[in-house]
Amino acid sequence: MTAADATRSRVIRITPAALTRKIEQQLARHRRAADGPAPVILLRAEPQWATEQTLTLTDGTPIRVTTAVSALAVWDHLVGHRTGDAPEPLVVLTDLTDTELGPGVLSDVFRNKVITIEPWSLIADCFGAQRVDPRLAQQRWAGTALIDAMPSTGWPKLSGTVLTRDVALSCLAAARLGLNATDGDAENLDGAALLRWTLRPEATAALTDLPADERAGLQHWLVERTGTSARPVFALIKAGRVGDSLPLGLVCAVLWSDDSADAARAKGRVDQYLNDAAIGDQELVALGRVAEQVVAEMLVESGRDGVHGAAVGLHLRQVLDRAEELVIQLGAQTAAASSPILRSGFDHLVGTVADALHGTLAKPGQLSAPALEAAVDALGRHHLASVQRQRVERARMALRLTRWLVLGDPTPPQGVGEAIDQQVAQWGWVDWALTHVWAGEEAHPVLQAAYRDLYASVAARRRALDEAFAGRLATWTAAGGPLSGPTLVVEKVLERVVAPLIRDAGPPVLLVILDGMSTAVAAELAQDLTDHGLVEFDPLSGADKAAQPRRRGVVAALPTLTTVSRASLLSGKLRNGGQDDERTAFESHPLWAGRPARLFHKGSLHGGAGEVLGSELVQALGDAQTVVAVVINTVDDALDRGRESADASWRLNNLGPLRVLLDHARSAGRAVILTSDHGHVLHRDGTHRSVDAAESGRHRRPGSTPVGAGEVLLSGPRVVADEHRIVALWDPDLRYGPKNAGYHGGAALAEVTIPLLAFLSRGAEVPAGWGALSDQRPAWWEPVTPITPAAPVATIPPAAPPRKGTRRPVPQGQEALDIVLDAPAVPAPAPGLLDALFASEMFEAQQTSTPRRMPKPKIRAALDALLAANNTLPLPVFAQRAGEVPARANGFATTLARILNVDNFEVLQLIDGGQTVRLNVALLRAQFGLPDDVR
């Protein structure tokens, strides 16, 4: 090869982006006369140009581009350009040198020379750098690649003056391989980004189509940059198995954490799978660690709405499917059972839950179920729990029911009032959990059998409670219902709950009647509404001063049908009626003291095309003077037709227009009263009982047929029927009519109990007599301490409690009691901790230094409430527990924070935009020097 040939072989191929940048650089540095002819610029590069003949510089100047392989071709371009009087510069790409062209040609070209391209100078200029990292400049392949791969918009400008090797090659990897597509930033390449890249269909081709020196250079740098996990990836690319990078990584993660003989054999098969590439244990351990990280991130992303979440979910399923295939191919089943991310690991944990549940049910007298607690906890911590939410939630529900069983048989209710209270506070939660357990396990037959056994045990206990309640209900109804006492009946809801808001100039009100809502549905929905930004209150706490604020229940009218109980609710008196009767009675009710009132049923609730709510409803909600009531039939409709979804949950988004209604209510500053007209029981392989006088699926007329098993005779003024007498089914497994998804009309607790929920928007002024609620979940639902069998469940005492252990007097003939005494005192959590706090010198100094000294009893009450609620409370609840006026809740919390937050450490913190108070007990101990053994 001659010297000229060797020089010619070193010319580079130039891209439009690089050419544009180079010409702009030359024209900026070497000005030409404004009135002179457009120049001819000779640029030394490969004389190949397959793109547009005309390019436009960033200042709008057009340039023409052509090529020349000989001096004669260059001369022809010069002559043609001169005679054609072209207005734009001409760029000629040629691999000829100045010597080969001679002075005659060069005298007519820009700068009288062939302009050479110094790759690193051009690259540095494109990045806006002044210098190039010497380590980068030593890699000639990188210079050629950076020019060839330059984007049309140029390389991104640097903030510094030196173009480093990592920055340049990160940008090159982004342009060549698309390695920035997963995280949006080419400088953030790591092992996780590389593994995400392997999921792209074009990944292998993008790498293997590169020139050999560039491919080798990029691979070497990517291993250096992303870590040793990259080496197995490139081995898989070479073997034609790039798509197995993530799945194999998941398998390696469990194999290399297992020292068993089975795992050792499977490791050897992995080496064969990599075509015996020289990949060591360290690289495969790193691959496993990064693979688990990537899949964990994908699990989070797949749960998001939108196209991206759906695409990630598809990739995720493919990865997990392939990983299970590799588990079988490599004989890694034993090791895979311990995986925190593989389906094999999740299925193994499901089996552990099944075994633990069977074991617990086999020992009904045991005091706790530690094995089941641990098994369900482990299942919930598995990464796939986020995409197997229903299965995990059902396991949690089974654990909750087991805790309830561990408490022992509850004392049957002594009166209707007590039964309603307990249905709201305890047994409705049992019904909620039982619904999930009935829905069942999807795939594991052993757990399915365990759920059947658990369901049978819990249902038997619930059935005994329903039987006891039916007897109390019959006695109570025959005696005329609530002659006195705090028991709330459906026809008194408007008078005792809604009307006081109007009488006492409280906030405007929205009454939502969720037809058919049971206490089980309400327990779940209340949590969802709290998450929606509402705060729950007890609207009757002012009238029941002897008791802590609590969620209330209402006794339905009998029979527990919509035409009876809803008509009674909306008219304020026991009656039977349809929608027209309800509307007339509600809108003209004297309780509204002349204010306008509107009732919206299903037909008038929805708007036309493009509207969720009808215009009349929206207008009424916006008028603070109008009392608004809305009936939503979603739950009741589901009892007739069933639900297509296998999900047993009732959430805000499952309930038609409720979410939009609440948004309007919040905007209008309305208090929300959410209640029902009756509850329901669900169909669960129940028995049909044929009778001649059936009036509904759950009640019949008394007749020649005597009252049988599972039935109760109800009579008295509360029974809205002929002669005020019906026979109702109390057994939830019986029905009179055809099979439906659920039923009402009977005398089971779940049918007779109506939940009553009251909400305000966060920060709203609290009406007189309303008490903020803390967490209403029973202790066995999410226990902080181990569950132990308890004494019989006690209920709320009357306002003026008599001597402990006695009963309040009842009217003549009323044998059942509305309320049973002996309610447990509320324990004072961690008194030793607070005693130590108040005795500390630091606390005394902090309290003394505040402008307005806060009394210690008020501080103790506030901290007691926080400690009892696992250190977090809504701001209104926090203030109310401390005896503070709601309007001063924020100021009270701020003042207490000044006392506790020594050196600005946030012992007491307002979170959620100032709507929630949180206590950091660890910081409290540290800042005030409190001993660790003080509780």
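The chain is numbered in sequence order, starting from 1.
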Would you name the heavy atoms of [X] and [Y] that are closest together and state the gap between them?
X    : Y    : answer
A468 : P412 : CB-CB, 3.7 Å
G710 : L734 : CA-CD1, 4.0 Å
Q414 : E418 : N-OE1, 2.8 Å
S457 : L405 : CB-CD1, 4.1 Å
L757 : A526 : CD1-CB, 4.2 Å
A557 : V490 : N-CG1, 3.5 Å

Would you compute the distance between atom [atom1] of [X] and atom [atom2] of [Y] and round it to the nearest 0.5 angstrom?
X    : Y    : atom1 : atom2 : answer
L529 : L655 : CG    : CG    : 9.0 Å
T487 : K492 : OG1   : NZ    : 13.5 Å
Y455 : H436 : OH    : NE2   : 13.5 Å
R463 : L749 : CZ    : CG    : 14.0 Å
Q390 : E393 : CD    : CD    : 9.5 Å
T562 : D636 : OG1   : CG    : 4.5 Å

Do [X] and [Y] come close enough that some side-chain heavy atom pair is under 4.5 Å?
X    : Y    : answer
V416 : T477 : no
L873 : D775 : no
L558 : V564 : no
V493 : L488 : yes
L569 : I513 : yes
V635 : D515 : no
R394 : V437 : no
L525 : M517 : yes

Is the shortest distance from a Lys or Arg side-chain nitrogen in [X] or [Y] to a carboxylate oxygen in the other one below 4.0 Å?
X    : Y    : result
E441 : R452 : no
R701 : D722 : no
E491 : R718 : yes
R684 : D733 : no
D538 : R550 : no

Among L407, T402, V406, find the one that has a side chain to side chain contact (heavy atoms under 4.5 Å, CB included) with W404. L407
Side chain [X], main chain [Y], donor-acceptor under 3.5 Å:
X    : Y    : value
T519 : V424 : no
E751 : G746 : yes
S541 : G771 : yes
Q776 : R551 : yes
T560 : A556 : no
R689 : R735 : no
T675 : P755 : yes
T753 : S518 : no
D677 : G516 : yes
E524 : V521 : no

For residues H678 and H744, establish whether the separation of their ring centroids is below 6.0 Å. yes
Indicate, with yes or no, if the rings of W432 and W781 have centres closer together than 6.0 Å. yes
Passes side chain to side chain contact (heavy atoms under 4.5 Å, CB included), I726 versus E695? Steps please. CA-CA 9 Å; I726 60 170; E695 294 286 301; over 6 Å; no
Centre of W730's six-membered ring, under 6.0 Å away, within 45 degrees of the axis: is that where NZ or CZ of R698 sits? no
Check against side chain to side chain contact (heavy atoms under 4.5 Å, CB included), R461 and V458: CA-CA 5 Å; R461 181 179 288 185; V458 175; 5.7 Å; no
Would you check, one step at a time, whether the test side chain to side chain contact (heavy atoms under 4.5 Å, CB included) holds for L401 with L434? CA-CA 8 Å; L401 291 176; L434 207 55; 3.8 Å; yes
Chi angles and distances behind the side chain to side chain contact (heavy atoms under 4.5 Å, CB included) call for V631, R566: CA-CA 10 Å; V631 177; R566 196 171 77 194; 3.3 Å; yes
Begin with the C-alpha distance, continue with both residues' side-chain angles, and end with the deciding distance and a verdict on side-chain hydrogen bond (donor to acceptor under 3.5 Å, both in side chains) for Q423 and D431. CA-CA 9 Å; Q423 178 66 18; D431 294 343; 3.0 Å; yes
Can you find a side-chain donor-acceptor pair between H680 and Y743 that sits under 3.5 Å? no
